[in-house]
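Let me begin by presenting the structure, written as structure tokens, before commenting on it.
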Amino acid sequence: MRVESVFDRLEPLLPRVSKPVQYVGGELNATAKAWDDVAVRWCLMYPDAYEVGLPNQGVQILYEILNEQPDVLAERTYAVWPDLEELMREHDIPQFTVDSHRPVGAFDVLGLSFATELGYTNLLSALDLAGISLHAVDRTDDDPIVLAGGHAAFNPEPIADFLDAAVLGDGEEAVLEITEAIRRWKAEGQPGGRDELLLRLAESGGVYVPKFYDVSYRPDGAIDEVVPNRDRVPYRVFKRTTMELDDWPYPKKPLVPLAESVHERMSVEIFRGCTRGCRFCQAGMITRPVRERSIEGIGEMVQRGLAATGFDEVGLLSLSSADHSEIAEITKGLADRYEGTNTGLSLPSTRVDAFNIDLANELSRNGRRSGLTFAPEGGSERIRRVINKMVSEEDLIRTVSAAFANGWRQVKLYFMCGLPTETDEDVLQIAEMAKEVIRAGREVSGRKDIRCTISIGGFVPKPHTPFQWAGQTDPDTIDDRLRKLRQAINADRSLGRNIGMRYHDGKPSLVEGLLSRGDRRLGRVIERVWREGGRFDGWNEHFSFERWMSCATAELEQLGVDVDWYTTRERGEHEVLPWDHLDSGLDKEWLWADWQDALDAREQDDCRWTPCFDCGVCPTMGTDIEVGPTGRKLLPISPVGQGSPVRNPAFNGG
């Protein structure tokens, strides 16, 4: 059946909206396939604005993998701004893809990648605009399967009412297996309808279908149990782990945005996972074990990606990029290869204790010397032991001193406020650390124009981490500590004027915390917030704390729970958590023991370089840590190819 583009109806509206270019599609390396030539059709959505969603690596990887299949197509859709949403409703235009402007409701699967829970209201906007029933139980065989992935999908319970399914973990192989199940089901004439397809997906053990699980509650509001209600459905759903990343060198042809986006660079994921054991870090916990790409594979991806895009910056991505066992060889090899081309290299995430000046010099060799960014996370030594961020102030001062001595003039430091066991004094130590950075910089450089910017976010306890039992700090306490910190910085004007401070108030963090550790009872809160105008909750100008609190009070009061019950309350060891049936591989007893170690400020080593401390991931998932060093070289230092259609000077003359 032919599915018509809505662009003819959309185009006349675009002059009336902000940033209309984000809706037109046609980016370099975008794909548009004939609708009738394929068997399975995916619509991939990042539930935020185009400028945030387009650079998302997860969506780009799946987009390319699916489109490489001869009988599969994948297109993209992003959340539309409220100005266009209003016009679309007025003119009866459905949620559309940017590739071919096809209605999202016509696809087989609507796959959403959730990096944060604050995108949940945008999910409801997209469903409603697409003409897809908000509640999964109301959908028919003609509706797409609404499938969630991404880090927030490790606890999809707050949006369980709106999802047909969720996949935990890596998506490369999962999307192909789901595609094959859909292809076969359609070829068989769709036996058993939508439920049979969902059962086939669920019985694999790697796809979570919320409707096939019943949740019961105790009188005190806690969960009594979560059990499957179909014979073919497993009790626990496991996460997917892609080993051998070199076998999945994606994206090979990154999308080049038409409109301004948050990251305009060619990004290569150099390894996945982290075993540092920072207790606040959900990403580090749920992406275990560490799996490195080979040095040759990285070199090939960079070369191919630059040729395909024309970007002049390469971001080497991971949770802590300097931890790659061959990062020195990688950066030197890339700096050698692209010397004189003005192709910049960056490590967006770097630990203080993994950073050195040789690395910094390689990153800046091609003419760029941007500010250095580190994340001590906690102000005092004590709180850094609690969160297992084993970085001393001496490490930091030594590193930044070396950087200032080598020509850097500014450094940015990331911290969190509201960490478990935190006191005012822990936060005030941030001011002392920042002042010490300025003093050290002035001393080694002999200059006065040294700057330090501290950026502070509110801590949110996350599922599948040792802090999943912690009580979240209330916004008033966080705001009070940050006011005291500001006063402490300004108390010494000779140093304070060189220290910038950026922070958000604690209110968005509380809502994120409510959704992060919530259960199915929060679905009614999310829906009410959306019906009362909630959109783009990750954006300050759209977020309304008052709306979230009033809706939560109205919906939760009748259930005997409230916002504090979900956020500031500390959980007990044996409480059934909403995500206990979703298996990240981490042993719950190990997580609890690590939580107790945190309360005692005891540190845990990185298992990459020490004997296994039995977190459970490798034996449960059948995986293992894969790290070098391999001792190989990056790639031949040969002249880069001629005849590239792109502007990067690396490809202009050999």
Side-chain angles (χ1 to χ4, degrees), residues 114 117 120 135-137 148 151-166 168 202 205 207-230 233-239 282 285-286 460-472 510-528 551-596 616 620:
F114 286 102
E117 297 80 1
Y120 288 165
H135 299 109
V137 295
H151 289 181
F154 276 77
N155 177 26
E157 291 301 273
I159 50 172
D161 291 346
F162 317 119
L163 296 179
D164 294 298
L168 282 61
V207 178
Y208 175 52
V209 179
K211 68 184 285 186
F212 294 153
Y213 293 80
D214 292 332
V215 183
S216 57
Y217 301 93
R218 296 178 176 175
D220 65 357
I223 292 173
D224 186 33
E225 61 178 1
V226 180
V227 293
N229 54 32
R230 304 291 179 98
V233 176
Y235 272 83
R236 291 175 69 82
V237 179
F238 60 85
K239 80 166 180 179
Q282 186 193 41
M285 293 289 169
I286 62 177
V460 178
K462 292 285 187 174
H464 303 279
T465 73
F467 289 166
Q468 64 184 356
W469 290 279
Q472 186 171 356
L510 192 80
V511 172
E512 187 181 344
L514 171 70
L515 300 174
S516 292
R517 294 190 293 173
D519 53 42
R520 293 186 183 187
R521 290 171 291 191
L522 285 178
R524 59 174 65 196
V525 177
I526 297 167
E527 184 172 342
R528 184 164 183 150
C551 291
T553 300
E555 294 294 338
L556 297 179
E557 196 171 44
Q558 54 195 301
L559 301 175
V561 290
D562 58 20
V563 171
D564 288 345
W565 191 88
Y566 283 105
T567 56
T568 58
R569 178 179 67 95
E570 188 169 315
R571 278 69 165 166
E573 180 180 4
H574 301 294
E575 179 171 334
V576 177
L577 302 174
W579 52 90
D580 276 352
H581 58 298
L582 303 175
D583 194 343
S584 62
L586 293 156
D587 182 78
K588 193 174 179 183
E589 291 182 4
W590 178 82
L591 285 172
W592 176 263
D594 207 38
W595 168 228
Q596 299 308 300
T620 303

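What you see is a predicted model, and the numbers here were worked out from it, not measured in a lab. All residue numbers in this chain count up from 1 along the given sequence.
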Determine whether Arg236 and Leu582 make a side-chain contact, defined as any pair of heavy atoms from C-beta on separated by less than 4.5 Å. no
Rounded to the nearest 0.5 Å, what separation is found between the NE2 atom of His581 and the CZ atom of Phe238? 14.5 Å
Can Leu514 and Leu522 be said to form a side chain to side chain contact (heavy atoms under 4.5 Å, CB included), step by step? CA-CA 8 Å; Leu514 171 70; Leu522 285 178; 3.9 Å; yes
Give the minimum heavy-atom separation between Pro210 and Ala160, together with the two atoms involved. CB-CB, 3.8 Å
Has Arg517 got a side-chain atom pairing as donor or acceptor with Thr567's backbone, closer than 3.5 angstrom? yes
Between Pro578 and Val215, is any pair of side-chain heavy atoms under 4.5 Å apart? no
Any carboxylate oxygen within less than 4.0 angstrom of a Lys/Arg side-chain nitrogen, looking at Arg569 and Glu575? yes
Show the nearest heavy-atom pair for residues Arg520 and Asp161, with the distance to one decimal. O-OD2, 4.3 Å
Classify the side-chain pair Glu117/Ser516 by whether it contains a donor and acceptor separated by less than 3.5 Å. yes
Within the 4.5 Å heavy-atom criterion, are Ser584 and Leu168 side-chain neighbours or not? no
Can you confirm whether Lys239 sits close enough to Asp583 that some side-chain heavy atom of one is under 4.5 Å from a side-chain heavy atom of the other? no
Do Asp580 and Lys588 meet the salt-bridge criterion of a basic N to acidic O distance under 4.0 Å? yes
More than 12 heavy atoms of other groups within 6.0 Å of Glu570 CD: yes
Please check if atom CD in Gln558 has more than 12 non-hydrogen atoms from other residues, nucleotides or ligands closer than 6.0 Å. yes
Derivation of the side chain to side chain contact (heavy atoms under 4.5 Å, CB included) call for Val563 and Leu510: CA-CA 9 Å; Val563 171; Leu510 192 80; 4.0 Å; yes
Minimal heavy-atom distance between Leu163 and Ala148, with the atoms involved, is CD1-CB, 3.7 Å
Separation between CG of Leu559 and CD of Glu557, rounded to the nearest 0.5 Å: 10.0 Å
Please report the interatomic distance CG(Asp519) to CZ(Arg521), rounded to the nearest 0.5 Å. 4.0 Å
With a 6.0 Å cut-off on the ring centroids, do Tyr213 and Tyr208 count as close? yes
Between CG of Leu556 and CG of Asp562, what distance do you get to the nearest 0.5 Å? 7.5 Å
The reported gap from CG in Leu591 to CH2 in Trp469 (rounded to nearest 0.5 angstrom) is 5.0 Å
With Gln468 as reference, evaluate Trp595, Trp579, Trp592 under the side-chain hydrogen bond (donor to acceptor under 3.5 Å, both in side chains) test and give the passing residue. Trp579
To the nearest 0.5 Å, atom CG of Asn155 lies from atom CD of Gln282 at 8.5 Å
Between His135 and Phe162, is the gap from one ring center to the other below 6.0 Å? yes
Residues 219-228, side-chain donor-acceptor partners within the protein, below 3.5 Å, at least two apart:
residue, atom, partner, partner atom, Å
Asp220, OD1, Ala222, N, 2.9
Asp224, OD1, Arg218, NE, 3.2

Please tell me if the side chains of Phe467 and Gln472 come closer than 4.5 Å, counting only heavy atoms from C-beta onward. no
Please list, chain by chain and in numerical order, all residues satisfying side chain to side chain contact (heavy atoms under 4.5 Å, CB included) with Thr568, sequence neighbours excluded. Asp474, Asp564
I'd like to know if the side chain of His464 reaches the main chain of Phe154, judged simply by a donor and an acceptor atom lying under 3.5 Å from each other, with no hydrogens or angles considered. yes
For Lys211 and Ala136, indicate whether the former's side chain and the latter's backbone hold a donor-acceptor pair under 3.5 Å. no
Heavy-atom pair of closest approach, residues Pro466 and Asp594: CG-OD2, 3.2 Å
